Protein chains: 2
Amino acid sequence: MINEERLRKELIQRFGDAYKSFGLNKLMGHVVALLLYAPEPLSLTEIAALLGRSKGPVSQILRRLRDHKLVRKVWSPEDNRKDYYEVEPEIFENAFRNNFDLIKNNTRIATQLKAKVAAAKDKKMETLHLRMKEMEAFYQLMEKHHRNFLAEWIAEKNNLVK
Amino acid sequence: MINEERLRKELIQRFGDAYKSFGLNKLMGHVVALLLYAPEPLSLTEIAALLGRSKGPVSQILRRLRDHKLVRKVWSPEDNRKDYYEVEPEIFENAFRNNFDLIKNNTRIATQLKAKVAAAKDKKMETLHLRMKEMEAFYQLMEKHHRNFLAEWIAEKNNLVK
DNA sequence: AACATCGTTTTAAAAATTTCAAACGTTAAA
DNA sequence: TTTAACGTTTGAAATTTTTAAAACGATGTT
């Protein structure tokens with residue numbers, strides 16, 4: 001016999017740590033874990049209560065999670081007073097993509113600076129120029145593989161549900 | 001004519017922001033940018049001076065950067081009193097791998113919990129079980145693509161240097 | 001052997017982030 | 001129209017993280 005209560009707590013704690021190590025708010029991880037676990041959507045008030053938190057931060061976190069497309073609102077036909085939340089079906093893809101977009105965004109730094117550096121024929125600039133070029137090439141290749149990965153995943157996911 | 005001083009400052013500032021958005025210390029980004037830019041290796045004292053910081057935090061940051069294999073020590077034949085630092089030639093690969101290892105590590109959560117959940121035949125567990133299975137499959141596929149990417153990159157990198 | 005220079009560690013202050021409590025606005029039910 | 005329940009925003013307190021200063025240890029030079 002497995003202890004359900006313990007399992008839920010462990011999932012919540014571990015997701016909190018994981019999110020924190022990615023530079024995100026620990027509470028974000030807690031909310032995601034709770035919603036991953038919950039068989040039914042939960043309202044903000046319920047989430048706050050289950051996590052022993054006040055509604056303030058939970059409200060802010062839920063907005064961020066919606067911005068990141070990790071969580072979504074659903075409307076309950078029987079109770080349209082409350083907003084209910086559940087994890088996005090594409091939560092893993094989206095989490096990965098968010099991370100990837102961040103990296104891609106940073107690649108622009110290299111691209112832009114490379115252009116500026118290219119204008120200078122200065123000897124001291126050569127090292128930097130080469131490095132920026134390498135950085136740009138690296139992330140371009142990464143992007144290509146990312147696309148391949150997503151395409152393959154969609155196919156695999158369909159098999160999984162069956 | 002391009003303003004070298006401005007370019008260096010921009011690179012440093014942008015890398016700081018980028019590192020921060022990944023949950024890392026801003027100063028880490030500054031040091032990495034400075035070393036990416038510098039045509040020659042720099043000592044800890046020089047780095048601290050160039051960034052207008054004290055030696056304490058720079059010392060700690062350099063250790064973390066070495067742990068992450070983003071920066072390495074080099075010994076100068078002419079001055080073996082000081083430790084000199086430069087970026088690792090594989091800095092981009094390693095930065096990516098560190099990020100990936102983090103994700104991989106978190107995948108273990110899913111794998112372990114999946115095993116625990118599988119033991120329970122509880123109806124409420126079914127949703128969670130399916131999600132954990134999906135998470136595991138997602139990251140396993142990701143790992144495969146990561147390997148392919150690195151192999152292809154090594155080949156491309158050689159062409160770049162030529 | 002004494003001195004000087006460099007990097008590390010520690011401790012305390014400063015800054016940033018997270019958190020809650022309470023006020024506020026909105027919407028639906030009575 | 002009033003009331004009640006819910007989510008959001010705001011301001012202040014608490015916590016965490018970052019930072020610098022200074023003490024410390026090690027290593028090479030005189």
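Computed over heavy atoms, backbone and side chain alike; hydrogens, waters and symmetry mates excluded. Keep in mind it's a predicted model, so treat the numbers as computed, not measured. A note on names: the letters A, B, ... follow the listed sequences, proteins ahead of strands, and every chain is numbered from 1.
Using a cut-off of 4.0 Å between Lys/Arg side-chain N and Asp/Glu carboxylate O, Glu90(B) and Lys69(B) are scored as not salt-bridged.
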Would you give a per-nucleotide map of nucleotides 4-12 of chain C, 5' to 3', where B means the base has a protein non-hydrogen atom under 4.0 Å away, S means only the sugar-phosphate does, and - means neither? -BSBBBB--
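Taking atom NZ of Lys20(B) as the reference point, atom C1' of dT17(C) lies 9 Å away to the nearest angstrom. Regarding Arg53(A), its CZ atom lies at a distance of 13 Å from the C1' atom of dA14(D), rounded to whole Å. Atoms NZ (Lys26(A)) and C1' (dT15(D)) sit 12 Å apart, rounded to a whole Å. Rounded to a whole Å, the CE atom of Met28(A) is 10 Å from the P atom of dT18(C). The nearest whole Å value for the distance from the CG atom in Asn25(A) to the C1' atom in dT16(D) is 12 Å. Distance, Leu24(B) CG to dT16(D) P: 20 Å, rounded to whole Å.
The salt bridge (Lys or Arg N to Asp or Glu O under 4.0 Å) search around Glu46(B) returns none, not counting sequence neighbours. The side-chain hydrogen bond (donor to acceptor under 3.5 Å, both in side chains) search around Arg72(B) returns Glu86(B), not counting sequence neighbours.
The aromatic rings of Phe100(B) and His146(B) lie parallel to each other, their planes meeting at an angle below 30°, with 60° marking the opposite boundary.
Under a 3.5 Å cut-off, the side chain of Asn105(B) and the backbone N or O of Asp101(B) do not form any donor-acceptor pair.
If you run ring pair (Phe, Tyr, Trp, His ring centres under 6.0 Å) between His145(A) and each of Phe96(B), Phe149(B), Trp153(B), only Phe149(B) comes through.
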